[in-house]
Amino acid sequence: MEPLIIKAADDTPSVCFDSDKGIFEISGKSMPEDVAAFYDPIIQWVLRYHSNPNSSTIVTLKMDYFNTASSKLLLDVLIKFEELNAAGSPVTVKWYYHENDEDMKEAGEEYADIIEVPFEHIAY
Amino acid sequence: MANIDTIYGFMEFIYKKYDFLKDNEINLVYDGLITHMITKAFASLTEQRMENEDESDPVQRKVFHVMIECLQNISKHAEENLPGVSSSLKKGIILVSKGSDRYSIVTGNTVETDKTDELYSMLEGLNALDKEGLTKLYKTQLKNNTLSDKGGAGLGFIDIARKTGEKLVFEFVPMNDKYSYFILITTVLRANI
């Protein structure tokens, strides 16, 4: 499937979803004016990925910052991966956070609580 | 007194009522159009300044987050084209001030007086919750809310309250029979939160 590559902007994160390379990563800063417009293509891509998933999928989230509107859409992206996992195609999430970013660490724990998929929490 | 929705009127009002602000260092003060581009400019400005300042990272990040959420709230919800009122079209005031033990992020923007009761109840409701209550509310809203027609997730105030751990200080100053000025003061403690 066609990879989804979005370069980071000053208010949106870098996105690299490439099933051939086994990369499913969102990283950087997320505070776009229109969160739905930004995240919708990502959600659509994950839905298409459902029809031909890899034998296992590792989703990497390495966020420096996200506003509350983005937190909702990030959850929506994770839910789509959770659906894949529930359908029998294993997914794990690697949640990265700066070691001095307590809020980001907690955000990862909160998502791990909501999403029924194994989470790895990694400080860097 | 100058109008509340001008920088002079605003500062005069808040300094009189919240006189602890008078001793503070003003990091940022702005009165004018608040749009997404301007919000990004403030984000960039704050990031650069905080890199230079000797402030702990967690505090820097919280101040940044409060600022972004407040500016985006105003940008999304500020009244547009208000006849007979000096504010119009996504205007607002933001003041970031630094005291010995806390940052105070003060914002002001015009709202319809009809909407103030609802806003008042919501904010009072948040102030009545402890951190656990706020986290629970946040998670519930996160899971259940859809985006509003203005593209917000309805989570901004909840998240500000829970991340700062301090009561939100707010008031609605009537401007005329239709509009009021919504003033919000968010506190970010400088010590370990």
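Residue numbering restarts at 1 for every chain, and letters A, B, ... go by the order of the sequence lines.
Proximity of A:S71 to B:L155: side-chain heavy atoms (C-beta onward) are separated by under 4.5 Å at one or more points.
Of the residues considered (B:I68, B:I160, B:D159), B:I68 shows the highest number of contacts with chain A, using heavy-atom pairs under 4.5 Å.
For the atom pair B:K139 NZ and A:Y111 OH, the distance stands at 11.5 Å (nearest 0.5 Å).
Note: the hydrophobic cluster containing A:I43 also contains A:Y49 (ILVMFWY, side chain heavy atoms under 4.5 Å, direct or indirect links). Linking Ile, Leu, Val, Met, Phe, Trp and Tyr residues whenever their side-chain heavy atoms come within less than 4.5 Å places B:I105 and B:Y30 in a single cluster. The cluster map of Ile, Leu, Val, Met, Phe, Trp and Tyr, joined by side-chain heavy atoms under 4.5 Å apart, puts A:V59 and A:I5 in different clusters. Side-chain heavy atoms closer than 4.5 Å link hydrophobic residues (I, L, V, M, F, W, Y) into clusters, and following such links, possibly through other members, connects B:L168 to B:M122. Taking hydrophobic clusters as Ile, Leu, Val, Met, Phe, Trp and Tyr residues chained together by side-chain heavy-atom distances below 4.5 Å, A:F24 does not share a cluster with A:I58.
In terms of heavy-atom proximity, A:Y65 sits nearest to B:H65 at OH-ND1, 2.7 Å.
B:K76 places a side-chain N or O within donor-acceptor distance of the main-chain N or O of A:E33, the cut-off being under 3.5 Å. A side-chain donor-acceptor contact under 3.5 Å links B:Q72 to the backbone of A:M31. Although no hydrogens or angles enter the test, the distance criterion places a donor-acceptor pair under 3.5 Å between the side chain of B:E69 and the main chain of A:T68.
With A:D103 as the fixed residue, the salt bridge (Lys or Arg N to Asp or Glu O under 4.0 Å) test singles out one of B:K62, B:R61, B:K163: B:K62.
Heavy atoms of other residues, nucleotides or ligands lying less than 6.0 angstrom from CE of A:M1 number more than 12. Annotation for B:K40: atom NZ counts as buried by contact number, over 12 foreign heavy atoms lying within 6.0 Å. Within a 6.0 Å sphere centred on OH of B:Y120, heavy atoms belonging to other residues, nucleotides or ligands number 12 at most. Summarising the local packing, CZ of B:F20 is surrounded by more than 12 heavy atoms from other residues, nucleotides or ligands at distances under 6.0 Å.
Within the 4.5 angstrom heavy-atom criterion, only side-chain atoms of A:D113, from C-beta onward, approach chain B. Residue contact with chain A, scored on non-hydrogen atoms closer than 4.5 Å, involves the side chain of B:T135 exclusively.
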- Message: Could you go through B:R162 and A:E110, starting from their C-alpha distance and side-chain angles, then the distance that decides it, and tell me whether this counts as salt bridge (Lys or Arg N to Asp or Glu O under 4.0 Å)?
- Response: CA-CA 13 Å; B:R162 79 182 184 123; A:E110 280 159 12; 2.8 Å; yes

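For A:E116, there are no salt bridge (Lys or Arg N to Asp or Glu O under 4.0 Å) partners at least two apart in sequence or on another chain.
Among the residues in residues 78-99 of chain A, those with a non-hydrogen atom closer than 4.5 angstrom to a non-hydrogen atom of chain B are A:H98.
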